Amino acid sequence: MTTKCAAQPSGMAKLMSALFYAGSSFLITVVNKTVLTGYRFPSYAFLGIGQMVTTIVVLYVAKKSNAVQFQDFDRSIFKKVFPLPLLYTGNHITGLGSTKKLSLPMFTVLRKFTILMTMGLEVYLMRKTFSRPLVYSVLTIVFGALIAASSDMAFEVEGYVFILLNDAFTAAYGVYTKKKLGVEGLGKYGVLFYNALIIVIPTTMICAYTGDLDKALTFQEWTTVPFLFCFIMSCIMGFVLMYSIVLCSHYNSALTTTVVGAIKNVAVAYIGIFVGGDYVFSWTNFVGLTICMSGGLVYSYFSFNTTPERTIEEVKIDVTETLPEEHPSKD
C-alpha cells in the first residue's frame, strides 16, 4: 500500500505571491492611468499589444539564455494552450465595453460576481471543495459590493450584458490558467509566452481594422521622453502583472487570485477617498466598501493561515499493487 501526497506550497509562498500580484496590479493601474488619462493616449488595444510584445521578447531572451525553460513551439502548443487565447480576448473586449457603458459604482459591484463564478467553475471543472468560512467570506464580499453600489442602480441592458460576460471570461481565464499550469512542457513561463504569442497577431489585425493602430502610431507625444518612459514602464508592468497572476495562481487557487484582485480594488477605492479627488463620498458606499474589505480580510486569514489539508486528489492509495499479506515470505 503506497500513499502519494502532492507537495503543498508553504503559507509564506502563497502569501508573498498574492502580495506580489496585488502590488503589481496596483502599480500598473497607476502607470496605465498616466498613459491613457494623463497623456490621453488614444488606444487601449495598442497599449495591450505593447505589453504582449514585451512578454514575448523577455521570455524568448530568457529561454535562449537558459534562464527559464519551457517547451519549444510545435503543433501541440495550440491544443495545450487552448482556450486561454480566446478567453483572454473575450475578457479584453467585454471589459472595455462594460467600462464605457456602466458607471464606476455599478461596474465595481458587478465585477464582484467574478468571484462567485470562479468558485463555481473551480467546483465544476477542478472538483474543489471550499470550507464554510471561505464561502461565507466570498458572499460577504459580494454583499458589501451590492450595498456600495445600491445608491446607483441605473439599469443599462447592454452594459449589464457586457459586464456579466466579462465576469464569465475572467473567471474562466483564471480557472483554465490554473489547469494549464499543470500541462507537461508548459509551466508558468510557457503559458505566458504562448498565450501572448497566439494573441498578439489577431489583436494587431483588429487594432488596424478599427483604426486604433493608425491613431496610436500618429500620436504626437512619441517624441517626448516622459511619455516614452511611461509607455515603456506600462509595457514592462504588463509583463510583470501577467507573471504575477500566473505565479499567484500557481501557489494559490484561482479563487484566491480573484479575491486578491477584488481586495486590491477596494483598497484603491479607500485611497481614492483621501487622494486624487475622484471619489464622491457617501456613507452607503463607504459602508459597502468596508463590508467588502472585511470579507476579503477574513478570506485571506483562512486561506493563508490554515494548514493545507490533504484532499482526495492529493492522497491516493494504489490499489493495483498486491497487498503484502498476499505475498508470504519465502524464508
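The structure presented is a predicted model; accordingly, all values stated were derived computationally and were not measured.
G296 and I141 make their closest contact through N-CG1, 3.6 Å (heavy atoms, listed as atom of the first residue, atom of the second, distance). Between L192 and T55, the shortest heavy-atom distance links the atoms O-CG2, 4.1 Å. For the residue pair C292 and G144, the shortest heavy atom distance occurs at SG-C, 3.5 Å. Among all heavy-atom pairs drawn from V31 and C230, the shortest one is CG1-O, 3.5 Å. The nearest pair of heavy atoms linking F302 to L134 is CB-CD2, 3.8 Å.
In this structure, T170 contributes its side chain and N166 its backbone to a donor-acceptor pair below 3.5 Å. In terms of modelled atom types and a separation under 3.5 Å, the side chain of K180 and the main chain of F82 share a donor-acceptor contact. Not one N or O on the side chain of Q71 forms a donor-acceptor pair closer than 3.5 Å with the backbone of G190. Checking side-chain atoms of T203 against main-chain N and O of V200 turns up no donor-acceptor pair under 3.5 Å. When atom types are taken as modelled, the side chain of K63 and the backbone of F70 share a donor-acceptor pair closer than 3.5 angstrom. Looking only at distances, no side-chain donor or acceptor of S25 sits under 3.5 Å from a matching main-chain atom of A22. Side chain of K178 to backbone of S249: a donor-acceptor contact under 3.5 angstrom is found.
Between K128 and S253 there is a side-chain heavy-atom pair separated by less than 4.5 Å. Residues V123 and F130 meet the side-chain proximity criterion, which asks for heavy atoms closer than 4.5 Å. Between V191 and H250 the shortest side-chain heavy-atom distance does not fall below 4.5 Å. Put simply, the side chain of Y176 reaches to within 4.5 Å of the side chain of L125, judged on heavy atoms. Residues F20 and V240 meet the side-chain proximity criterion, which asks for heavy atoms closer than 4.5 Å.
Note: F227 and Y39 have perpendicular aromatic rings, judged against thresholds of 30 and 60 degrees for the angle between ring planes. By the 30° and 60° cut-offs, the orientation of the rings of F41 relative to F46 is tilted.
Side-chain heavy atoms closer than 4.5 Å link hydrophobic residues (I, L, V, M, F, W, Y) into clusters, and following such links, even through other members, never connects I206 to M52. Residues L181 and Y88 share a single hydrophobic cluster, defined by chaining ILVMFWY side chains whose heavy atoms lie under 4.5 Å apart. A continuous path of hydrophobic side-chain contacts links V246 to L84 [ILVMFWY only; heavy atoms under 4.5 Å]. Under a hydrophobic clustering in which Ile, Leu, Val, Met, Phe, Trp and Tyr are joined whenever their side-chain heavy atoms come within less than 4.5 Å, directly or via other members, M117 and L255 fall into different clusters. No continuous path of hydrophobic side-chain contacts links L86 to I199 [ILVMFWY only; heavy atoms under 4.5 Å].
Here the two rings, on F78 and F73, have centers that are under 6.0 Å apart.
Using modelled atom types and a 3.5 Å distance limit, the side chains of Y21 and N252 yield no donor-acceptor pair. Side-chain atoms of Y299 and T256 include a donor-acceptor pair closer than 3.5 Å.
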Check the pair V135 / M119 against side chain to side chain contact (heavy atoms under 4.5 Å, CB included), numbers first and verdict last. CA-CA 9 Å; V135 174; M119 177 178 282; 4.3 Å; yes
Is there a side chain to side chain contact (heavy atoms under 4.5 Å, CB included) between Q51 and L241? Walk through the geometry before answering. CA-CA 10 Å; Q51 294 170 354; L241 176 64; over 6 Å; no
